[in-house]
Amino acid sequence: MRWSQTLIPTMKETPEGAEIPSHVLMLRAGLIQQVMAGAYTYLPLGWRALRKAEAIVRDEMDRAGGVELHMPALTPITLWERTGRKEAFGSVLINFKVRRANREIHLALGPTHEEVITDLVSRFVSSYRQLPITLYQIQTKFRNEERPRFGVLRTSEFLMKDAYSFDTSVESLAASYDRMYAAYCRIFERCGLEYLAVEAESGPIGGDASHEFMVLADNGEDVVVHCPACGYAANLERAEIGAAKSGAAKAIGSATLQKVDTPKVGSIEQVSKLLGCQPAQMIKTLIYVADDKPLAVLLRGDHDANEGKLRRAVGATKLELASPAVIEQVTKAPVGFAGPVGLSIPLWADRDVAAVADAVVGANEADKHYTGANLGRDFTVAADHFADLRNAGAGDACPRCGQSLALRHAIEVGHVFKLGTKYSDALGAKFLDDTEQQRTIIMGCYGIGINRILASLIETRHDEQGIVWPMALAPYEVLLAPLNVAQEDVMQAAEQLHDELTAAGIDVLLDDRDQRAGVKFKDADLIGFPLRVVIGGRSLKEGKLEIKWRWESEPTLIPLEGAAAALAELVRKARETPNTAK
Ligand code: ATP
Ligand code: MG
């Protein structure tokens, strides 16, 4: 390909509205163009990189025994109603009515495809002899995200690889899951991504039933809890806290319980400022409704409740923060003044609450708090109502080895999940087992955001000058940069190299623009082609070419004679080591 014949609109300036490096660089390098918030055109270079990521994903899915098919993005709303997900997705589900002749049809654009695929399987799979099977597609998904942002990291239309496994037993599901998990590891390795597979909130199967594949990046929207000592990794929703440090001994203070005025001041921050205490000296009281019954949860003022942990501890299927009306009803006070003293609904407490002596708590009265509140004296919590109910924080004890946990920001690039029978139950996907018994198919689902592969890669592999592509995903592997395109011998050498490399199966771009070397080099570094070959100047007169890897600072010389073969060999070697580009 010749530069002059494709479309590469590079930009010198940082585009407005782009906040993070991957977004800035994808725009500046001419990989994408924003059509509207959350929707991007992939320009020729971006599209090439995306297709390469897609090809790696497809290759590994096939290798893991996945079978590719393709489902429509347009789906009937009735399918989503049957599983209750029309409601669960809420405004994220893009759905609308169209007229066809004199009928009105209600459609939804698939945000994912469990419904469509399970319906398909329910129609065509009926015997254990057809199972297990893993079906997958690489297709556009639609989600009306509340806040599309960070370029292609979070868009309302994106390319996903979604796979679904169908098994006859939990053991067989585990085998399908492990195959997908291993395929994911190979995919992200081949893409040159440094990732962590973290335990994530699991569904009905429980245990080790869900993992997210995370790329550590300061601008990631997710938080990963990681133990550098033993390798334990979980997302924030899921991460447990070891008992070592957090189950601190019970503390009994000596202050007397005193009601104080805190006019119009309800938040932890405001109250601690007003009363001159640390948030850690406060106990906050949150009112939840668990399966329609209110309960109160006590947490140290500087800690955040973890609703997943709370739901499991309480044994509820549905749990949500109480509405202001319910809070006022159970505390007899406006929102912001709930406290444990004198509260008559069940009390639960995070383990760390036991260590807060002489605490500041709400007084269940408008504009009032208590100081000097002590557990055991002023309020009590049943021993079996103490649990790990909060989000892990940096420095908390690792649940496996007791060492300090670290918190890191990360980007979720993929997710594997043991679904169980949620969709097969709802949509009647059953099979006859070898004793002619009818049973429900057990499912798993496995997603990868193809766009996020690119964005997270760029987010973690760039320098001041631009992107640093690994071979595997680079839009072109080699850039040929003739110094003076008006010079016949220069262009002739460049053209010949271009043709020979192309014939050798190398992705090569020839920068045939009539531009100064400086401009060409800047663009080459901005886009980040792995190998840059300069043709011209004194080196060419000496029968040499100057080559430079994007991740190295100094060029080296190679003889012009036999250059195509030598370059092809270099590229092939670099293809085998996706992590060369650091
Ligand atoms: P998130 O929590 O980031 O919204 P999710 O957990 O809802 O993502 P899944 O339903 O697990 O996403 O989808 C599978 C994969 O699709 C994700 O791991 C992610 O890589 C990708 N993905 C999800 N939402 C988006 C989006 N809005 N834009 C781009 N990629 C996305
Ligand atoms: Mg997910």
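Side chains included, hydrogens not; waters and symmetry mates left out as well; all remaining heavy atoms used. Ligands are counted one by one from 1 in listed order, and the atoms in each one are counted from 1 as well.
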How far is [atom] from its nearest protein heavy atom, and which residue and atom name does that atom have?
atom	value
atom 22 (N) of ligand 1	F158 CE1, 3.5 Å
atom 13 (O) of ligand 1	M160 CE, 3.5 Å
atom 29 (C) of ligand 1	L153 O, 3.3 Å
atom 19 (C) of ligand 1	R452 NH1, 3.4 Å
atom 15 (C) of ligand 1	G449 N, 3.8 Å

Classify the contact between E412 and ligand 1 as side chain, backbone, both or neither, using a heavy-atom distance cut-off of under 4.0 Å.
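Within the 4.0 Å criterion, E412 contacts ligand 1 through backbone and side-chain atoms alike.
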
Quick one: look at D162 and ligand 1, take heavy-atom pairs under 4.0 Å, and tell me if it's side chain, backbone, both or neither.
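Under 4.0 Å from ligand 1, D162 contributes no heavy atoms.
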
If you measure only the distance, is there a donor-acceptor pair under 3.5 Å linking the side chains of [X] and [Y]?
X	Y	result
K141	H113	yes
Y164	D162	yes
T155	N451	no
Y195	E189	yes
Y184	H211	no
T83	E115	yes
S210	E212	no

Could you check which of R147, R143, R154 puts a non-hydrogen atom nearest to atom 4 (O) of ligand 1?
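Residue with the shortest heavy-atom distance to the ligand atom: R154.
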
Any atoms of ligand 1 less than 4.0 Å from a non-hydrogen atom of G414? List them with their elements.
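Contacts of ligand 1 toward G414, numbered from 1: 18 (O).
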
Atoms in ligand 1 flagged as close to H415, the criterion being non-hydrogen separation under 4.0 Å
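Listed by number with element, the hits are 11 (O).
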
Would you please determine whether T155 falls within less than 4.0 Å of ligand 1 on a heavy-atom basis?
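It does, in that a heavy atom of T155 comes within the 4.0 Å cut-off of ligand 1.
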
Measuring from non-hydrogen atoms of V413 to any atom of ligand 1, is the shortest distance under 4.0 Å?
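Within the 4.0 Å threshold, so yes.
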
What do you get for the angle at the Mg ion (ligand 2) between OE2 on E412 and ND1 on H415, to the nearest 10 degrees?
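Centred on the Mg ion (ligand 2), the OE2/ND1 angle is 100° (to 10°).
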
Any nitrogen or oxygen of E145 lying under 3.5 Å from a nitrogen or oxygen in ligand 1? Just yes or no.
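Between E145 and ligand 1 (N or O atoms, distance only) the closest approach is under 3.5 Å.
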
Near-ring test Y446/F213, centroid separation under 6.0 angstrom:
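Ring centres of Y446 and F213 not closer than 6.0 Å.
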
Cation-pi, F529 ring and R550 (6.0 angstrom, 45 degrees):
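That pair does not qualify as a cation-pi contact.
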
